[in-house]
Undergrad: 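This is the structure I want to talk about, given as structure tokens.
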Amino acid sequence: GEDVEQSLFLSVREGDSSVINCTYTDSSSTYLYWYKQEPGAGLQLLTYIFSNMDMKQDQRLTVLLNKKDKHLSLRIADTQTGDSAIYFCASTTDKLIFGTGTRLQVFP
Amino acid sequence: DTGVSQDPRHKITKRGQNVTFRCDPISEHNRLYWYRQTLGQGPEFLTYFQNEAQLEKSRLLSDRFSAERPKGSFSTLEIQRTEQGDSAMYLCASSHSPTAEAFFGQGTRLTVV
């Protein structure tokens, strides 16, 4: 079945870049998404990339897609304390399949 | 507010009771999804609808769970004979099409005591 995997934790210093990685199994995934979830809050779509692209940049966010290796990454430049949250990678064909989430902790 | 709305936001119930949750998707969104999220996990797919048709149900959805979307607008998720393992956040999402962005509601947090 479809599966999405992520590392569980990432800790970075404020001002540094964060890189969150994700691997997925379904090669027919059409879109790949990054969602952010803050404590007690709902899921917020951050950005997405279409499967025929290899990079997408959106302000401080850069998404890289290696379709051959089924590897997706999210880079957050100049990470701020407000970026502390859980980040979910999700792949989709006809429904979203989520990873377990990566908890990003930003320390001063 | 034109986002996805879920009701109630919180529900505490005794084991063995039935509960029903409601989701109002964004107007004119054809797709409606239900997910379940437990602490420390990502959202797990339960089921989805294309208009009023339920197209897929996860194996997670035991026969105690039933979902409907009778007129292709709002949806309900019912859990019969609740168990403590049903305690979770139940999330609803809607989208305009299968590959369009899915917008999530704030969820209904169920606690079974």
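Excluded from the calculations below are hydrogen atoms, water molecules and symmetry mates; all remaining heavy atoms, backbone and side chain alike, are included. Residue numbers begin at 1 in each chain, while the letters A, B, ... track the order of the sequences. Quantities reported herein were computed from a predicted structural model and do not represent experimental measurements.
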Undergrad: Spell out, yes or no, whether B/Met89 and B/Tyr33 are grouped together once hydrophobic residues are joined by side-chain heavy atoms under 4.5 Å, including indirect joins.
TA: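 B/Met89 and B/Tyr33: one cluster.
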Undergrad: Given a strict heavy-atom distance threshold of 4.5 Å, which part of B/Leu55 is in contact with chain A: side chain, backbone, both, or neither?
TA: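 Neither part.
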Undergrad: Heavy-atom cut-off 4.5 Å, strictly under: side chain, backbone, both or neither for A/Phe50 against chain B?
TA: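 Looking at A/Phe50, nothing touches chain B.
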Undergrad: Cation-pi check for B/Phe45 against A/Lys95: NZ or CZ below 6.0 Å from the six-membered ring centre and within 45 degrees of the axis, yes or no?
TA: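 That pair qualifies as a cation-pi contact.
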Undergrad: Is it the case that over 12 heavy atoms from other parts of the model lie below 6.0 angstrom from the NE2 atom of B/His96?
TA: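 It does not: B/His96 NE2 has 12 such atoms or fewer within range.
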Undergrad: State whether the side chain of B/Arg31 and the backbone N or O of A/Asp94 hold a donor-acceptor pair below 3.5 Å, judged by distance alone.
TA: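 Pair found, side chain donor or acceptor close to backbone of A/Asp94.
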Undergrad: Are more than 12 heavy atoms from other residues, nucleotides or ligands located less than 6.0 Å from atom OH of A/Tyr48?
TA: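 Atom OH in A/Tyr48 is not crowded, with 12 or fewer foreign heavy atoms closer than 6.0 Å.
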Undergrad: In terms of heavy-atom contacts, does CZ of B/Arg15 have more than 12 from other residues, nucleotides or ligands at under 6.0 Å?
TA: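 At most 12 heavy atoms, drawn from other residues, nucleotides or ligands, come within 6.0 Å of this atom.
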Undergrad: Under 4.5 Å from any heavy atom of chain B, what part of A/Gln6 do you find: side chain, backbone, both or neither?
TA: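 For A/Gln6, there is no contact with chain B at all, as no heavy atom is under 4.5 Å.
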Undergrad: For B/Glu68, does the CD atom have more than 12 heavy-atom neighbours from other residues, nucleotides or ligands under 6.0 Å away?
TA: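 For B/Glu68, atom CD is not crowded (no more than 12 foreign heavy atoms under 6.0 Å).
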Undergrad: Passes side-chain contact (heavy atoms from CB on, under 4.5 Å), A/Leu96 versus B/Phe104? Steps please.
TA: CA-CA 12 Å; A/Leu96 287 167; B/Phe104 281 81; 4.0 Å; yes
Undergrad: Does NZ belonging to B/Lys11 count more than 12 external heavy atoms closer than 6.0 Å?
TA: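 No, the 6.0 Å shell around NZ holds no more than 12 heavy atoms from other groups.
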Undergrad: Rounded to the nearest 0.5 Å, what separation is found between the CZ atom of B/Phe103 and the CG atom of A/Leu45?
TA: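 Reported value, rounded in 0.5 Å steps: 7.5 Å.
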Undergrad: What is the minimum heavy-atom distance between B/Gln37 and A/Phe88, and which atoms define it?
TA: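 In this case the closest contact between B/Gln37 and A/Phe88 is NE2-CZ, 3.4 Å.
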Undergrad: For B/Glu56, which atoms come within 4.5 Å of any heavy atom of chain A: side chain, backbone, both, or neither?
TA: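 The side chain, not the backbone.
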Undergrad: Given heavy-atom pairs under 4.5 angstrom as the criterion, report whether the side chain, backbone, both or neither of A/Tyr31 touches chain B.
TA: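 A/Tyr31 touches chain B through side-chain heavy atoms alone.
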Undergrad: If Ile, Leu, Val, Met, Phe, Trp and Tyr residues are connected whenever their side-chain heavy atoms lie under 4.5 Å apart, and connections chain through other members, are B/Leu32 and A/Tyr35 in the same group?
TA: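 No, separate clusters.
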Undergrad: Is chain B contacted by the side chain of A/Thr92, its backbone, both, or neither, given a heavy-atom distance below 4.5 Å?
TA: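 Contact with chain B involves the side chain of A/Thr92 alone.
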Undergrad: Indicate, with yes or no, if A/Val4 and B/Leu60 share a hydrophobic cluster defined by side-chain heavy-atom contacts under 4.5 Å among Ile, Leu, Val, Met, Phe, Trp and Tyr.
TA: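 No, no single cluster joins them.
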